Peer 1: 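After the structure tokens below, expect a handful of questions from me.
This is a predicted model, so every value here is computed, not measured.
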Amino acid sequence: MPLGAYCIICCRRIGTSAPRLKHHTSWKNIRNIIRVTGSLLLGGSLFLTYEVLALKKSLTLDTQVVEREKMKSYIYVHTVPMDKAENRGLVWQARKELHKAVRKVLTASARVLRSPFADSFSTVDIEDHDCAMWLLLRKSREEDKAARLKAVQEMSEAHHWHNYQYRIIAQACDPRTLIGLARSKESDLRFFLPPPPLPPLKEDSSTEEELRHLLASLPQTELDECLQYFTSLALSETSQSLAAQKGGLWCFGGNGLPYAESFGEVPSATVEMFCLEAIVKHSEISSHCDHIEAGGGLQLLQRLYQLHKDSPKIQRNIMRIIGNMALNERLHPAIVRSGWVSIMAEALKSYHIMEASHAARTLANLDRETVREKYQDGVYVLHPQCRTSQPIKADVLFIHGLMGAAFKTWRQKDSERVLTENALVDENRYTTCWPKTWLAKDCPALRIISVEYDTSLSDWRARCPKERKSIAFRSNELLSKLRAAGVGDRPMIWISHSMGGLLVKKMLLEAAKKPELGAMINNTRGIIFYSVPHHGSHLAEYSVSVRYLLFPSLEVKELSKDSPALKTLQDDFVEFAKDKNFQVLNFVETQPTFIGSMIKLHIVPVESADLGIGDLIPVDVNHLDICKPKTKNAFLYQRTLQFICETLAKDLGN
């Protein structure tokens, strides 16, 4: 308006001015026209500039979105306040633009001097606060291994980034970095993208049918009798017929009998479970893993994992399969693409020790950057489960006994159990695996491994009725798995319960016969035996006397006092241990153990637990609780800890 009024006044002055001499009139009019035109042009330019800047302020658009989209990064739009008070005029706006330009010049010069980015990043306009993130991303791809590891560690320790920055890393990092982040204890789960969408099921098909189809497509070669049995059972039975066949407690005839979980419990196995059991065995064969991947097994197993979140047993079997497949490096890209790294990263942070340990095994097999060893099925690292800067100086191996397991055998005594909710919050009150919770904190320089293998009290309870493995067979099987895990490369202590002690003795004797396993013998510093029946067990005698009821398994038969194999094992090992100067500590129970609700038996008497070497300490507990301390301050744990520290004193530098 002021500009328009000024133009009108000027025009009026021209029109109402008195006539002058003719030769002056023409030049005066020209000057007035130039003056008015210049005023119009200058005023209009200033007005348009002001309006454009004001419009730009009110419609601010983050143009960096375009560049981030080019890099397939997460789009993060900054919110711009619309407060009118921020429209502070032309001078303020010009000053702001000038400061912004100066900052960009300074940032650009700093980048040129330190050359932080690779050629692919050099043309990208990156905000200053994103510089550190891209620096780490570039370092994670350098040829120098130490630089890569340091970059991943710094990424995992970043807890102040925006959501979009975590997503940029998730989408831009390579598989090696992603696996490293998954194995880093402090990593934020925002580093991991959700698994890709699963392909739809075939029309008129179910997950169970797809699983059965996958199992049927696997080769039927290189299978032992037990695997053949599981495969044929899973393929021949349907869920309905299996449920009907197992509807009663005693199911004489048919296939249901070998799967009776206990004398007072109705079996709960399903066809899905049988299929998974069979696929677990198939996944132990390297060539069969290729067929599982080619048949869409990674996606199908992921669908089952999501469907059975309330079934830890099914989830653990699925993780066992993925962990076995991860032993084959050629399958690593497929495992990463299918989204299993994200799932394992979340499981690794679980309060449930079994779930976390299964995930730790899979991620360790995927991590070829920092892990040389390979952990086969049944070999679980309890500590360290994540990447650590703590140097590992020695190994401690836990071998369970008859009817035991890698985790439940080494739990805290059940009578002291608190509510599950409290146990999850405070592991000092109750732990489901004291080697992981207590020993790892007291001796952080140890690698703690727990081994699992199948045993049975009776062939009626055998998971596979065709599987009848002797102590000698199992010892060779475990030796192979432990050697693949690098056992023998460091000083070590064996800790065993019940029949597990016999396996330890047999493994050491077998290793002594093989030159390639000589390091395992030379690095063995000591052995702890928890109620190991060196001279036989009353359980075997009782089982034989009622064999028509219990139908004792091969493992139990080998524990009888008159077993020639047991006597030979004892004599050979005592001589061998004395020659090698092994340190030995023996614990033995003094209380009888209830087997079921009616049978009460002193399984390992004091005289049978006496190896003839080392201290023999009677403890007022039963056979099951001899390896389950009441508390961290209990004598059982403290004496065990003392033995470990004293035996490994030189190796740990204590």
Peer 1: Look up atom CH2 in Trp410 and atom NE2 in His497, then write down how far apart they are to the nearest 0.5 Å.
Peer 2: 7.0 Å

Peer 1: Are Leu276 and Arg320 close enough that some pair of their side-chain heavy atoms sits under 4.5 Å apart?
Peer 2: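 When only atoms from C-beta onward are counted, Arg320 and Leu276 do not touch, as no gap falls below 4.5 Å.
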
Peer 1: With a 4.5 Å heavy-atom cut-off, do Gln376 and Glu284 have their side chains touching?
Peer 2: no

Peer 1: Using the side chain to side chain contact (heavy atoms under 4.5 Å, CB included) rule, take Thr437 and Gln412 through it: C-alpha gap first, then chi angles, then the decisive distance, then the call.
Peer 2: CA-CA 10 Å; Thr437 306; Gln412 189 174 347; over 6 Å; no

Peer 1: Answer yes when Glu510 and Lys514 have at least one side-chain N-carboxylate O distance shorter than 4.0 Å, and no when they do not.
Peer 2: no

Peer 1: Would you call Arg387 and Asp367 a side-chain contact if the rule is heavy atoms closer than 4.5 Å?
Peer 2: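 Yes, close enough: below the 4.5 Å cut-off.
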
Peer 1: Assess the residue pair Tyr166 and Leu189 against the criterion (side chain to side chain contact (heavy atoms under 4.5 Å, CB included)); give the C-alpha distance rounded to whole Å, side-chain angles, the decisive distance to 0.1 Å, and a yes or no.
Peer 2: CA-CA 9 Å; Tyr166 290 103; Leu189 288 178; over 6 Å; no

Peer 1: Could you list the residues that satisfy side-chain contact (heavy atoms from CB on, under 4.5 Å) with Ala170, not counting sequence neighbours?
Peer 2: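 In terms of side-chain contact (heavy atoms from CB on, under 4.5 Å), with neighbours along the sequence ignored, Ala170 is linked to Leu193.
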
Peer 1: Can any side-chain N or O of Arg474 pair as donor or acceptor with the backbone N or O of Ile471 at less than 3.5 Å?
Peer 2: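 Checking the backbone N and O of Ile471 against the side chain of Arg474, no donor-acceptor pair under 3.5 Å is found.
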
Peer 1: Run Ile603 and Ser531 through side chain to side chain contact (heavy atoms under 4.5 Å, CB included) and show every step you take.
Peer 2: CA-CA 9 Å; Ile603 296 177; Ser531 286; over 6 Å; no

Peer 1: Holding to side-chain contact (heavy atoms from CB on, under 4.5 Å), I want the full list of residues that pass it with Lys185, two or more places apart in sequence or in another chain.
Peer 2: Cys386

Peer 1: Mark yes or no for whether Asp395, through its side chain, and Val487, through its backbone, hold a donor-acceptor pair below 3.5 Å.
Peer 2: no

Peer 1: Starting at NZ of Lys309, measure out to CD1 of Ile314 and round the result to the nearest 0.5 Å.
Peer 2: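 Here the rounded value is 14.0 Å.
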
Peer 1: Measure the spacing between CD of Glu369 and CZ of Arg176 and express it to the nearest 0.5 Å.
Peer 2: 5.0 Å

Peer 1: What residues form a side chain to side chain donor-acceptor pair (under 3.5 Å) with His358, not counting sequence neighbours?
Peer 2: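 So His358 forms no side chain to side chain donor-acceptor pair (under 3.5 Å) with any residue.
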
Peer 1: So among Asn324, Asp377, Leu327, Asn328, which one has a side chain to side chain contact (heavy atoms under 4.5 Å, CB included) with Ser283?
Peer 2: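 Answer to the side chain to side chain contact (heavy atoms under 4.5 Å, CB included) test with Ser283 among Asn324, Asp377, Leu327, Asn328: Asn324.
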
Peer 1: Report the residues that fulfil side chain to side chain donor-acceptor pair (under 3.5 Å) with Trp494, sequence neighbours left out, ordered by chain and then residue number.
Peer 2: Thr524

Peer 1: Hey, does Thr409 have a side-chain heavy atom less than 4.5 Å from the side chain of Tyr530?
Peer 2: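 No. Closest side-chain heavy atoms not under 4.5 Å.
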
Peer 1: Is the closest side-chain heavy-atom distance between Asp489 and Arg483 below 4.5 Å?
Peer 2: yes

Peer 1: Quick check: does any side chain N or O of Ser342 sit under 3.5 Å from a backbone N or O of Phe192, one acting as donor and the other as acceptor?
Peer 2: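 Here the side-chain-to-backbone pair does not exist.
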
Peer 1: Identify the two heavy atoms, one from Thr593 and one from His623, that lie closest to each other, and give their separation to 0.1 Å.
Peer 2: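 Looks like OG1-N, 2.9 Å.
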
Peer 1: Taking the side chain as every heavy atom from C-beta outward, state whether Val451 and Lys481 have any atom pair closer than 4.5 Å.
Peer 2: no

Peer 1: First locate atom OG1 of Thr431, then atom NZ of Lys628, and finally report the distance between them rounded to the nearest 0.5 Å.
Peer 2: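 Answer rounded to 0.5 Å: 12.5 Å.
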
Peer 1: Please report the shortest heavy-atom distance between Val341 and Ala182, naming the atom on each side.
Peer 2: CG1-CB, 3.8 Å

Peer 1: Any donor and acceptor pair, going by atom type alone, linking the side chain of His400 with main-chain N or O of Tyr453 inside 3.5 Å?
Peer 2: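 A pair under 3.5 Å: yes.
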
Peer 1: Judged by atom type as modelled, is there a donor-acceptor pair below 3.5 Å linking the side chain of Asp174 to the main-chain atoms of Thr177?
Peer 2: yes

Peer 1: Pairs under 3.5 angstrom only: tabulate donor-acceptor contacts from the side chains of residues 292-307 to other protein residues two or more places apart or in another chain.
Peer 2:
| unit_1 | atom_1 | unit_2 | atom_2 | d |
| --- | --- | --- | --- | --- |
| Gln302 | NE2 | Ser338 | O | 2.7 |
| Arg303 | NH2 | Pro199 | O | 2.2 |

Peer 1: Nearest 0.5 Å, please: how far is CG in Leu215 from CD in Glu277?
Peer 2: 12.0 Å

Peer 1: Check whether any side-chain heavy atom of Tyr380 sits under 4.5 Å from a side-chain heavy atom of Ile353, and report yes or no.
Peer 2: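 Side chain of Tyr380 against side chain of Ile353, heavy atoms only: no contact under 4.5 Å found.
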
Peer 1: Please report the closest heavy-atom contact between Gly339 and Pro195, naming both atoms and the distance.
Peer 2: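 Scanning both residues completely, I find the closest heavy atoms to be O-CG, 3.8 Å.
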
Peer 1: Heavy atoms, side chains only, cut-off 4.5 Å: are Val396 and Pro435 in contact?
Peer 2: no

Peer 1: Of the non-hydrogen atoms in Met325 and Leu331, which two are nearest, and what is the gap between them?
Peer 2: O-CD1, 3.9 Å

Peer 1: Sequence neighbours left out, what passes side chain to side chain donor-acceptor pair (under 3.5 Å) with Asp290? Give chain and number order.
Peer 2: Arg330

Peer 1: So which heavy atom on Glu355 is nearest to which on Ala347, and how close?
Peer 2: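 So the two residues come closest at OE2-CB, 3.7 Å.
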
Peer 1: Do the side chain of Gln385 and the main chain of Val381 share a donor and acceptor less than 3.5 angstrom apart?
Peer 2: yes

Peer 1: Could you tell me whether the side chain of Ser357 and the main chain of Met354 form a donor-acceptor pair under 3.5 Å?
Peer 2: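 No: the side chain of Ser357 does not pair with the backbone of Met354.
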
Peer 1: Could you tell me the separation between the NZ atom of Lys281 and the CD1 atom of Ile321, rounded to the nearest 0.5 Å?
Peer 2: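 The NZ atom of Lys281 sits 11.5 Å away from the CD1 atom of Ile321.
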
Peer 1: Step by step, work out the side chain to side chain contact (heavy atoms under 4.5 Å, CB included) result for Lys313 and His308.
Peer 2: CA-CA 9 Å; Lys313 188 174 182 180; His308 293 282; over 6 Å; no

Peer 1: Hey, is the main chain of Ala565 close enough, under 3.5 Å, to the side chain of Thr568 for a donor-acceptor pair?
Peer 2: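 Flag not set: sc Thr568 to bb Ala565 has no pair under 3.5 Å.
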
Peer 1: With a 3.5 Å cut-off and no angle check, do the side chains of His291 and Ser217 form a donor-acceptor pair?
Peer 2: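 His291 vs Ser217: no donor-acceptor pair found between side chains.
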
Peer 1: Ignoring hydrogens, what is the shortest heavy-atom contact between Leu502 and Pro533? Give both atom names and the distance.
Peer 2: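 Where Leu502 meets Pro533 most closely, the heavy atoms are CD2-O, 3.9 Å.
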
Peer 1: Gln220 side chain to Leu218 main-chain N or O, any donor-acceptor pair under 3.5 Å?
Peer 2: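 Confirmed, Gln220 side chain pairs with Leu218 backbone.
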
Peer 1: Answer yes or no: is there a donor N or O on one side and an acceptor on the other, between the side chain of Arg368 and the main chain of Ala364, under 3.5 Å?
Peer 2: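 Yes.
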
